[in-house]
Amino acid sequence: MERLIVMTNKTVEDLISRSNRLGADKRNTNFAGGNTSAKGTEKDPVTGEDVQLLWVKGSGGDLGTLKAENLAVLRLDRLNALKNVYPGVEREDEMVAAFDYCLHGKGGAAPSIDTAMHGLVDAAHVDHLHPDSSIAIATAVDGEALTTKIFGNKVVWVPWRRPGFQLGLDIAAIKEANPQAIGTILGGHGITAWGATSEEAEQNSLWIIEQAEKYIRDNGKAEPFGPKLPGYAALPETERRAKAAALAPVIRGLASTDKPQLGHFSDDAVVLDFLEAAGHPRLGALGTSCPDHFLRTKVKPLILDLPADASIEDSIARLHELHADYREDYRTYYDRHADENSPALRGADPAIVLVPGVGMFSYGANKQTARVAGEFYINAINVMRGAEAISTYAPIEESEKFRIEYWALEEAKLVRMPKPKSHATRIALVTGAASGIGKAIATRLAAEGACVVIADLNLENAEKVAEELGGPDVAIGVQADVTDEAQVATAIDAAVLAFGGVDLVVNNAGLSISKPLLETTEKDWDLQHNVMAKGSFLVAKAAAKVMIAQGLGGDIIYISSKNSVFAGPNNIAYSATKADQAHQVRLLAAELGEHGIRVNGINPDGVVRGSGIFAGGWGAKRAAVYGVDEEKLGEYYAQRTLLKREVLPEHVANAAAVLTSNELSHTTGLHIPVDAGVAAAFLR
């Protein structure tokens with residue numbers, strides 16, 4: 001009943017439409033940034049009487065994708081009554097818990113810290129946004145004077161104040177004292193605008209944004225970041241991305257010193273232009289200003305202070321030095337501002353790493369967080385450009401950044417986050433993953449929280465599977481012939497640039513040709529050995545190089561076969577190849593253990609349903625060998641096992657998930673049979 005009421009309320013419909021339009025244009029606000037609201041009347045289902053409500057974007061929502069269920073719904077009379085019990089700015093955080101006593105019905109989404117701003121301002125519709133152009137005004141050293149110059153008396157300056165109940169009271173008072181005003185510039189932060197109708201609020205928001213853009217465009221300096229630095233220009237694309245791929249594993253390892261992180265790479269022109277200019281070291285050190293920015297980017301980035309043509313070796317050596325300095329600087333920042341009530345230091349590694357001529361590496365607990373952190377830093381660069389074009393960039397004080405970064409309310413939000421899944425922050429590359437066992441493994445690893453690279457000969461199928469698993473924040477599809485060293489390297493580079501590195505490789509690509517010895521040709525032998533023996537070697541070698549550079553350990557899994565230890569008829573090339581793979585497991589386990597890399601194998605048997613190998617003719621040939629109908633082959637295999645159970649691709653995927661989890665963190669060089677029990681293939 002309640003859901004139906006919300007969905008059919010015209011006020012809510014207009015609010016969602018306005019929010020989606022504003023959020024769809026990144027000039028207006030960034031992902032999950034800002035909030036919108038509307039006030040209106042609804043029938044109280046208990047009394048049947050009209051009640052005045054506030055619908056406002058709840059905590060953690062995104063304007064561009066906002067739906068009714070993402071709104072917090074509060075009673076206005078109770079929200080306004082909170083003014084009577086407000087204990088003052090020193091205790092304003094207590095008011096967030098008080099919002100729960102103002103909820104209407106089940107209340108919808110959790111109210112955000114900005115709820116007071118929307119509820120206390122005497123306007124039917126309110127927008128709070130973080131547009132780059134307006135934050136440029138808000139972070140200019142003379143932002144207050146610029147606000148008057150650009151907007152006249154239609155927009156009022158509000159000095160910086162941390163979001164909360166007091167800021168809501170301040171803006172409400174400003175609106176009451178300035179009836180001609182349509183909104184405010186919030187110092188160091190963003191804008192708030194309002195209107196009597198949803199259309200009016202949207203128009204007022206867009207007017208403020210457009211006027212700021214126009215003023216900067218008409219009056220800004222040609223080179224707001226200063227002259228170009230010789231040697232700092234963007235490298236050509238191919239060279240740029242090759243250098244990024246070479247540096248990415250090392251940088252991810254550094255950024256994961258305190259806890260594992262996923263990465264995102266961007267060579268957006270905004271970033272490259274910023275790093276080419278002489279002012280970038282000064283501006284980078286000043287850090288970001290808008291709370292939505294630095295909560296995701298940390299207060300400032302790590303910037304490599306070498307020209308674009310610096311060698312990989314020199315760049316890596318300098319990055320290690322700068323990372324040590326960054327961690328010490330961050331600990332000092334924490335110690336400068338922390339008191340006995342502050343949450344513990346969460347980690348001293350950078351979230352943003354900038355490399356001149358190459359681009360930006362951003363990090364987070366998942367791919368989306370890493371990507372969004374990079375997007376926010378691009379917003380921050382745009383803000384700095386605008387402020388420097390017309391004035392001098394002057395972000396909020398460092399102490400204020402700390403108050404927000406280590407805010408008890410932010411800490412509570414982190415505590416409420418769900419427990420990470422077993423493979424969270426891990427990056428997996430699975431070969432032959434567009435079908436059969438490979439697809440099952442990729443699907444299981446993604447379900448366990450991993451980011452997955454679907455590597456397959458068939459690019460279209462690989463991309464289709466990646467989309468099924470959740471798209472680019474979860475999986476990507478790449479074309480890879482594992483017999484070609486260059487294609488293997490390209491696939492590994494794709495993983496590194498998409499997610500930051502590689503932690504887990506599954507050598508699954510394979511095929512089989514079932515023939516007796518005298519009918520097996522040299523071509524048959526070479527094909528199977530090239531794909532499975534050579535291919536596994538090439539993939540393991542390329543992946544191990546990345547894993548060693550990261551310094552985070554890793555897993556290499558070989559999908560071998562029962563046939564690696566069992567001698568059967570008419571199967572010389574396939575079984576010999578599988579035996580090769582099985583011994584690669586033992587050899588690599590012995591060699592890579594010192595780097596924390598575990599190497600294990602899985603020996604499946606009788607995986608008929610969903611198997612690409614069996615569908616490709618192998619099934620018919622094996623059925624002929626055993627004298628059964630092809631459609632009965634799965635049943636035949638099941639009946640010859642000890643457990644009398646048919647083996648499916650998902651059962652192999654289960655083994656892969658367990659082998660690469662922390663549950664078997666001390667296991668390497670092992671082969672696990674997934675064959676429902678074949679005594680002749682017992683390992684000895």
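All values reported here derive from a predicted model rather than from experimental measurement.
Atom-to-atom distance recorded for Ser289:OG and Ile396:CD1 is 5.0 Å, nearest 0.5 angstrom. The line from CG of Leu79 to CG of Leu74 is 6.0 Å long, rounded to the nearest 0.5 Å.
Using a 4.5 Å heavy-atom threshold, the side chains of Ser134 and Ile185 count as touching. The shortest distance between side-chain heavy atoms of Thr115 and Leu54 falls below 4.5 Å. Between Arg336 and Glu398 there is a side-chain heavy-atom pair separated by less than 4.5 Å. Under the 4.5 Å side-chain criterion, counting only non-hydrogen atoms from C-beta, Tyr377 is not in contact with Ser362. For the pair Lys300/Leu286, no side-chain contact is recorded, criterion being any heavy-atom separation below 4.5 Å from C-beta on. The side-chain heavy atoms of His118 and Trp194, taken from C-beta on, include no pair separated by under 4.5 Å. Side-chain contact between Asp50 and Glu42: absent, with no pair of heavy atoms (C-beta onward) separated by less than 4.5 Å. The side-chain heavy atoms of Lys83 and Phe165, taken from C-beta on, include a pair separated by under 4.5 Å.
With Asp349 as the partner, the side-chain hydrogen bond (donor to acceptor under 3.5 Å, both in side chains) test is satisfied by one option alone out of His323, Lys259, Gln261: His323. The only option from Ile352, Asn30, Val372 that meets the side chain to side chain contact (heavy atoms under 4.5 Å, CB included) definition with Arg296 turns out to be Val372.
For Arg78, the CZ atom sits in a loose shell: 12 or fewer heavy atoms of surrounding residues, nucleotides or ligands are nearer than 6.0 Å. At most 12 heavy atoms of other shown residues, nucleotides or ligands fall within 6.0 angstrom of atom CD in Glu90. For Glu94, the CD atom sits in a packed shell: over 12 heavy atoms of surrounding residues, nucleotides or ligands are nearer than 6.0 Å. In this structure, Lys367 places its NZ atom where more than 12 heavy-atom neighbours from other residues, nucleotides or ligands lie under 6.0 Å away. For Lys149, the NZ atom sits in a loose shell: 12 or fewer heavy atoms of surrounding residues, nucleotides or ligands are nearer than 6.0 Å.
Closest of all the heavy-atom pairs between Phe99 and Ser112 is CE1-O, 3.8 Å. Between Glu388 and Pro224, the shortest heavy-atom distance links the atoms CB-O, 3.4 Å. Nearest heavy-atom pair across Ala277 and Leu229 is O-CD1, 3.7 Å. Taking both residues in full, the closest heavy atoms of Ile390 and Tyr215 are given as CG2-CE2, 4.0 Å, listed atom of the first, atom of the second, then distance. The shortest heavy-atom contact between Arg162 and Asp93 is NH2-OD1, 3.4 Å. Nearest heavy atom pair, residue Asp14 against residue Ser198, reads O-OG, 3.5 Å.
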Could you go through Ile137 and Ile150, starting from their C-alpha distance and side-chain angles, then the distance that decides it, and tell me whether this counts as side-chain contact (heavy atoms from CB on, under 4.5 Å)?
CA-CA 9 Å; Ile137 310 300; Ile150 297 169; 3.5 Å; yes
Quick one, Asp305 with Ile303, criterion side-chain contact (heavy atoms from CB on, under 4.5 Å). Give me CA distance, side-chain angles, the key distance, then yes/no.
CA-CA 6 Å; Asp305 53 0; Ile303 305 177; 6.0 Å; no
Let me see the working for Leu63 and Asn20 under side-chain contact (heavy atoms from CB on, under 4.5 Å), right down to the final yes or no.
CA-CA 5 Å; Leu63 290 179; Asn20 293 164; over 6 Å; no
Before giving the answer on side-chain contact (heavy atoms from CB on, under 4.5 Å), spell out for Gln166 and Tyr86 the whole-Å C-alpha distance, their side-chain angles and the decisive distance to 0.1 Å.
CA-CA 9 Å; Gln166 187 61 53; Tyr86 176 48; 2.9 Å; yes
Are Asp473 and Arg371 close enough, and set up right, to give a salt bridge (charged side-chain N to carboxylate O under 4.0 Å, His left out), and what steps lead you there?
CA-CA 8 Å; Asp473 281 346; Arg371 174 177 55 79; 2.7 Å; yes
So Arg18 and Glu202, salt bridge (charged side-chain N to carboxylate O under 4.0 Å, His left out) or not? Walk me through it.
CA-CA 7 Å; Arg18 173 174 106 240; Glu202 184 175 0; 5.7 Å; no
Could you go through the salt bridge (charged side-chain N to carboxylate O under 4.0 Å, His left out) check for Lys298 and Glu405 one step at a time?
CA-CA 8 Å; Lys298 282 200 166 174; Glu405 186 178 2; 5.3 Å; no
Could you walk me through whether Asp258 and Arg327 pass the salt bridge (charged side-chain N to carboxylate O under 4.0 Å, His left out) check?
CA-CA 10 Å; Asp258 286 320; Arg327 286 176 61 82; 2.9 Å; yes
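Checking His125 against Lys39 by side-chain atom types alone, no donor-acceptor pair falls below 3.5 Å. Donor-acceptor pairing under 3.5 Å is lacking for the side chains of Glu13 and Asn9. Using modelled atom types and a 3.5 Å distance limit, the side chains of Asp62 and Thr65 yield a donor-acceptor pair. Looking at Asp339 and Ser342, their side chains do bring a donor and an acceptor atom within 3.5 Å of each other. Between the side chains of Thr369 and Asn366, at least one donor N or O lies within less than 3.5 Å of an accepting N or O. Checked by atom type, the side-chain pair Asp127/Thr36 shows no donor-acceptor distance below 3.5 Å.
Between the Arg240 side chain and the Leu235 main chain, a donor and an acceptor come within less than 3.5 Å of each other. A donor-acceptor pair under 3.5 Å is absent between the side-chain atoms of Ser391 and the main chain of Ala387, judged by distance alone.
Using a 4.0 Å cut-off between charged side-chain N and carboxylate O, Arg75 and Asp44 make a salt bridge.
Taking the six-membered ring where tryptophan is involved, the planes of His280 and Phe274 are perpendicular, since the angle between them exceeds 60° and thus also 30°. Classification of the His128-His189 ring pair by plane angle, with boundaries at 30° and 60°, yields perpendicular. Using bins of under 30°, 30° to 60° and over 60° for the plane-to-plane angle, the ring pair Tyr333/Phe402 lands in the perpendicular bin.
Checked against a 6.0 Å centroid threshold, the rings of Tyr334 and Tyr406 count as neighbours. Taking the six-membered ring where the residue is Trp, the centroids of His130 and His293 are separated by 6.0 Å or more.
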